[in-house]
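Read through the structure below, which is laid out as structure tokens, and then see the notes.
None of these values were measured; they are calculated from a predicted model. Labels below follow one simple rule: chain letters A, B, ... track the order of the sequence lines, proteins then strands, and each chain is numbered from 1.
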There are 2 protein chains.
Amino acid sequence: MGRITQRDIARLAGVSQTTVSLVLNNRPGAETRIPAETRDRVLRVIRETGYVADPLARRLAAGRNRILGVFTYEPVFPSATGDFYHPFLIGIEESAEQVGCDLLLLTSAPLVDGRKRIYHQDHRLRLADGCVLLGRELDREELARLVAEGYPFVSVGRRDDAGGPVSYVGADYGSVVRELVEGARGLGHEKFAYVGHGAGAESFADRHRGFQEGTAGLQAVTLPPADAEDALGTDATAIFVEEYADGAVILQAARARGLAVPGDLSIVTLGDPTRPAPTDIDFTGFRIPRAEMGRQAVEVLTELIEGGSPVQRLLPCEPVKGLTLGRNNVA
Amino acid sequence: MGRITQRDIARLAGVSQTTVSLVLNNRPGAETRIPAETRDRVLRVIRETGYVADPLARRLAAGRNRILGVFTYEPVFPSATGDFYHPFLIGIEESAEQVGCDLLLLTSAPLVDGRKRIYHQDHRLRLADGCVLLGRELDREELARLVAEGYPFVSVGRRDDAGGPVSYVGADYGSVVRELVEGARGLGHEKFAYVGHGAGAESFADRHRGFQEGTAGLQAVTLPPADAEDALGTDATAIFVEEYADGAVILQAARARGLAVPGDLSIVTLGDPTRPAPTDIDFTGFRIPRAEMGRQAVEVLTELIEGGSPVQRLLPCEPVKGLTLGRNNVA
DNA sequence: TTCCACTGCTAATGCGCATTACCTGAAGGA
DNA sequence: TCCTTCAGGTAATGCGCATTAGCAGTGGAA
């Protein structure tokens, strides 16, 4: 039941293994060196036997794989955050198919202190030619090590440098948040609140920076997510919420206090739901171009593997009009 | 920036490549042959350099990989059917994580005549130790070839033999459909219609067989999906619909004709939606244990890889009470 | 005739690892 | 003293392929 090898083909066709390899790879320069007759003979045997080269041996000899790794710091399929990551994977799969690569989901990474780690005893990253990294927070040390080792990888989402430039395809949260703030100012709002971390992960920091730029010179407080409802205690007329789910919480609380949204209070959510949340609320906010980020990440990765230099891209987010931002009616 | 190899480790530790390999693999019998001192020296160098063995070379030499392939005949992520396949993947990922394997999504398979094919010029199946096959219809010839080559694979969904037994983890459609029919008979129904292919893919054939067994001796017509609405033209009082989406179509048409469901007509759907369809309708039918099928498929696959014999499992489907099956009120 | 170029191939090598066969030195036994 | 045994290693080999170097034969130019 042993597999068919090039040697078998060679024997059957009455040529050497080298010739079979040459015919298979059809190298320029070699094509003239093998007469049609020999080539046909070899090809016929290959067809008859149904031979296909072992991709493993191939890569071992040639150094490439056409396998792209996908590492996720948070679980992708199961779990609540699954729906959030799914669109990224759609884009990644689509793009991988186009460039003719297979995708290796690095699912075997064990949890260490509740988080997945790339580098662990017997890590498998090197199976792939390069890797797409997914997750809100990437481990800074691991990134630095990847950079230092010169392993080709692309982060989905902007990343700060880690001992060197990190390739990424991110979403331009800063711009869209600033635009949303400016839109609110245009509607007469002057007192703002930001609910969220505003720091830590780059994506949070970027949003917050956009918020601060937009509210420069105006009243603008920042509250941690845990204190979401306290935002109602401030005199802010427009609340910007990092997490969609927290937006729902605040909306609920506002209504419970008899506040009309957006009549008395405006609420803007900054991105798609990452936690299960009622999605029937038509929040003003924006959409993260998740599938497109996935697609481009794979593009960038393949260029990187071909020897390209680090690439950093920010994709625009599409604003969502929604129904929760209105004119400021407060005196 | 060349990768670190065992030879590098060997040089740094002042031993031979063989020794490094022995230390790494920690073979029984060899453990006594290498004194703790040497072993520690090697391990220290490994730790310092962050060396990890190239899994490809490893597999080439030893024959194992801890990579499980996932081949899908229909696109998994994008597209309409995406939601249908997702639960399978959840199970597969979960199980793969438990057994410490990575998943290789064979996305690079090109379309040939509108379908993906496993075997094509330069196929990648052999990258993985074994493979999970997903899709409603698997190509019989390809299956036969897989069987003939002795490649370990497991189909998600029952499959007929293909020149030999095919390992699968399927859903027991036959039983649950027959039970549903019997339930309908208990409610006084005597004239039945089946809307669907009823043949071709095993899953269709199994449902139809269950239907026929259940309706033995009674009036029971079968209509192709294209003629779904014609089912209303028959005098059937209970319509069994292969595809959830077609059930929605029939329900719509029935209501348009002034028929009450389930007052005048009962409709039973045979499984979860595989096409986009309004899912707010509470159809009577059953649930396919998709995640569990995925999980068990990986279990079976790993056993197969370890040298086990073909395994065939049918998992029970959970009946869904629903609101579209009622007592037969027709004279 | 000698040299060269060109055709049509093949032998040899190495990718990084696992494995097998062997080698060396020292201790123990007869 | 000679023979074994065993500990502690190493050299050699092969997995299936791509690639490089090279070889035999022929035809033409000098």
Contact under 4.0 Å: [X] side-chain N or O vs [N] OP1/OP2:
X	N	value
B/Tyr51	C/dC17	yes
B/Arg58	C/dG16	no
B/Gln17	D/dA12	no
A/Thr38	C/dC9	yes

Could you state the [atom1]-[atom2] distance from [X] to [N], rounded to the nearest angstrom?
X	N	atom1	atom2	result
A/Gln6	C/dC15	CD	P	19 Å
B/Leu22	D/dA7	CG	P	15 Å
A/Arg7	C/dA11	CZ	C1'	14 Å
A/Leu24	D/dC17	CG	P	9 Å
A/Asp54	D/dG14	CG	C1'	14 Å
A/Glu37	C/dG8	CD	P	10 Å
B/Ile34	C/dT19	CD1	C1'	13 Å
A/Arg11	D/dG16	CZ	P	13 Å

Compare every heavy atom of [Y] with every heavy atom of [X], then report the nearest pair and how far apart it is.
X	Y	answer
A/Val147	A/Pro165	CG2-O, 4.3 Å
B/Pro152	B/Ile305	CB-CG1, 4.0 Å
B/Arg158	B/Glu202	O-CB, 3.4 Å

Sugar-phosphate only, base, or nothing, as touched by [X] at under 4.0 Å among non-hydrogen atoms:
X	result
B/Thr5	sugar-phosphate
A/Val15	sugar-phosphate
A/Ser21	base

- Task: Applying ring-ring contact (aromatic ring centres under 6.0 Å, His included), name anything that partners B/Phe71, two or more places apart in sequence or on another chain.
- Result: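 Here the qualifying residues are B/Tyr73.
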Where the side chain of [X] is defined as all heavy atoms beyond and including C-beta, which of [options] is the nearest nucleotide?
X	options	result
B/Thr19	C/dA18, D/dT10, C/dT10	D/dT10
B/Ala61	C/dA18, C/dT10, C/dC15	C/dA18
A/Leu60	C/dT19, D/dC17, C/dC15	C/dC15

- Query: Starting at the 5' end of DNA chain D and moving along, which residue's nearest nucleotide shows up first, B/Thr18 or A/Thr18?
  - Reply: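 It is B/Thr18 whose nearest nucleotide is closer to the 5' end.
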- B/Ser21 and B/Thr18: side chain donor to acceptor below 3.5 Å: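 Their side chains do not contain a donor-acceptor pair, so the 3.5 Å distance test is not met.
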